[in-house]
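Numbers for residues simply follow the sequence, beginning at 1. No hydrogens, no waters, no symmetry mates; every other heavy atom, side chains included, goes into these values. These figures come from a predicted structure and were not determined experimentally.
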Amino acid sequence: MDGSVASPRPMLALGVRLLTALTLATMGALLKLAEQRGAHLLELIFWRQALTVLLVGGFLLLIGKIATVKTQRLSAHIRRAVYGITGMVFVYGAIVLLPLAEATTLSFTTPMWAVILSMVLFREKIGFYRGAAIALGFAGVLIVMQPGGDMLNPAGTVVGLIAAFLVALISIQIQDLNTTESPWAIVFWFTALTAPLAALAMPFVASAHDQTTWLIILAMALCGATAQMLLTTSLRFGSAATIIIMDYTSLIWATLFGYFIFERVPPATLAIGAPLIIASGLLVAWRQRVLSKQTPAPTEA
């Protein structure tokens, strides 16, 4: 059993993560739709954070549980907020710059970045399996980019890869915070610390919208708040290496949203590259699970 998980309940973690994937895909579609109707990226981030902190804070006050946000680790929450708001800019930026299915596919490189981070931050020795996973993942990215053909937006691709890297870093922070903090506290402090930062941009990016656009923005923010709670909760009950398989279902939803809302049929290269990237993530998850069960911990992974 993974000692880094606060309250191990693997089946519950898988179910929560499955719902997280659907909610995040829905949020992405709504965000892209709002941006196409004139809402600025930074404006959308502000409303996402501001509405979430109001919803979470108001709900906790209503049920008399506001004390659950009390923390002795404010500095850790501040670090998480800095990385988190930066990650949001890149995650949302990838959704704006790329088709939904391609942006979602690039997000699946997060496990690959997690392996690279473990090499750099924790000096882990990476052996054949995880080395092969990294190579497989990069091969998938190259195919999805379609070099030599109708090439995917290079700026969007870079933004998407940076977003995946930052998500890997943030997942490590959330898993650490989960050992001492409630999911409510983690979400509350993240949004409470970042909403004022996002507000600084509002005088420069805010604009008037019609009623439909405001409803889309509200729905996007609600999905974002729900997804944040679900994601944090999933990492409380299961390790990222175990529950990551459910993340890949978001590609199904992103493809369907892309087709029915934005009338885009994914290119054939996505059908080739996406499985390679997914296989890379699954290989990392499998190897991590194998290593976690070995005692003593191996020196070669």
Side chain S182, main chain T68, donor-acceptor under 3.5 Å
yes

Going by heavy atoms in the side chains, are S250 and L24 under 4.5 Å from each other?
no

How about D176 and Q173: do any of their side-chain heavy atoms sit closer than 4.5 Å?
no

OG/S207 to NE2/H40 distance, rounded to the nearest 0.5 angstrom?
9.0 Å

Is there a side-chain contact between L22 and T249, using heavy atoms and a 4.5 Å cut-off?
no

From T191 atom OG1 to F188 atom CZ, the distance as rounded to the nearest 0.5 Å:
6.5 Å

Tell me if a side-chain donor or acceptor on S280 pairs with a main-chain N or O of L276 at a distance below 3.5 Å.
no

For the backbone of L74 and the side chain of W189, can you confirm whether one donor and one acceptor N or O come within less than 3.5 Å of each other?
no

Knowing that exactly one of T269, L98, L152, T109 qualifies, which makes a side-chain contact (heavy atoms from CB on, under 4.5 Å) with V144?
L152

Minimum heavy-atom distance A39-I217, with the two atoms named
CB-CD1, 4.2 Å

List the atom of F46, the atom of A195, and the distance in Å for their closest heavy-atom pair.
CD1-O, 3.7 Å

Which atoms form the tightest heavy-atom contact between G273 and I143, and what is the distance?
N-CG2, 3.7 Å

Please report the closest heavy-atom contact between T52 and A221, naming both atoms and the distance.
OG1-O, 4.0 Å

Just wondering, do R48 and Q228 contact through their side chains at under 4.5 Å, heavy atoms?
yes

pair T20-M246: side-chain heavy atoms closer than 4.5 Å:
no

Applying side chain to side chain contact (heavy atoms under 4.5 Å, CB included) to F90 and V167, what does each step give before you reach the verdict?
CA-CA 10 Å; F90 282 94; V167 168; over 6 Å; no

Just do the side chain to side chain contact (heavy atoms under 4.5 Å, CB included) check on Q36 and I216 with the steps written out, would you?
CA-CA 11 Å; Q36 289 185 353; I216 292 171; over 6 Å; no

Where do E181 and R80 land on the salt bridge (charged side-chain N to carboxylate O under 4.0 Å, His left out) test, with the steps shown first?
CA-CA 13 Å; E181 312 290 282; R80 186 266 187 275; over 6 Å; no

Drop me the distance from W113's CH2 to I162's CD1, to the nearest 0.5 angstrom.
8.5 Å

Do V53 and I170 sit in one hydrophobic cluster, given that two such residues count as connected whenever their side-chain heavy atoms are within less than 4.5 Å of each other, even indirectly?
no

Student check: side-chain heavy atoms of S107 and T104 closer than 4.5 Å:
yes

Please report the shortest heavy-atom distance between L251 and A274, naming the atom on each side.
CD2-CB, 3.9 Å

Which heavy atom of L100 sits nearest a heavy atom of F262, and at what distance?
CD1-CE1, 3.6 Å

Pairwise distance CH2(W184) to CD1(I66) - rounded to 0.5 angstrom
10.5 Å

Side-chain touch L222/L55, heavy atoms, less than 4.5 angstrom:
yes

Quick one: do V82 and L166 end up in the same hydrophobic cluster if we chain Ile, Leu, Val, Met, Phe, Trp and Tyr together by side-chain heavy atoms under 4.5 Å apart?
no

Interatomic spacing from CE in M112 to CG in L283 - rounded to 0.5 Å:
12.5 Å

For the hydrophobic clusters of this structure (ILVMFWY residues joined by side-chain heavy atoms under 4.5 Å, transitively), does one cluster hold both V56 and L231?
no

Return yes when atom OH of Y259 has more than 12 non-hydrogen atoms of other residues, nucleotides or ligands closer than 6.0 Å, and no otherwise.
no

Could you check T226 against M27 for side chain to side chain contact (heavy atoms under 4.5 Å, CB included), going step by step and ending with a plain yes or no?
CA-CA 10 Å; T226 303; M27 185 200 71; over 6 Å; no

Output for pair (L41 CG, L31 CG), nearest 0.5 Å, gives 7.0 Å

Donor-acceptor pair, T110 side chain versus A164 backbone, under 3.5 Å?
yes

Under 3.5 Å, side chain of T232 to main-chain N/O of M229, donor-acceptor pair present?
no

Within-4.5 Å side-chain heavy-atom neighbours: F59 and K65:
no

Whether R236 side chain and N178 backbone form a donor-acceptor pair below 3.5 Å
yes

Classify the angle between the aromatic ring planes of W47 and W214 as parallel (below 30°), tilted (30 to 60°) or perpendicular (above 60°).
perpendicular

Starting from L193, can I reach L51 by hopping between I/L/V/M/F/W/Y residues whose side chains sit under 4.5 Å apart?
no

Please determine whether the number of non-hydrogen atoms from other residues, nucleotides or ligands lying under 6.0 Å from atom OH of Y248 exceeds 12.
yes

Hydrophobic cluster identity match, L197 and I186, side-chain contacts under 4.5 Å
no

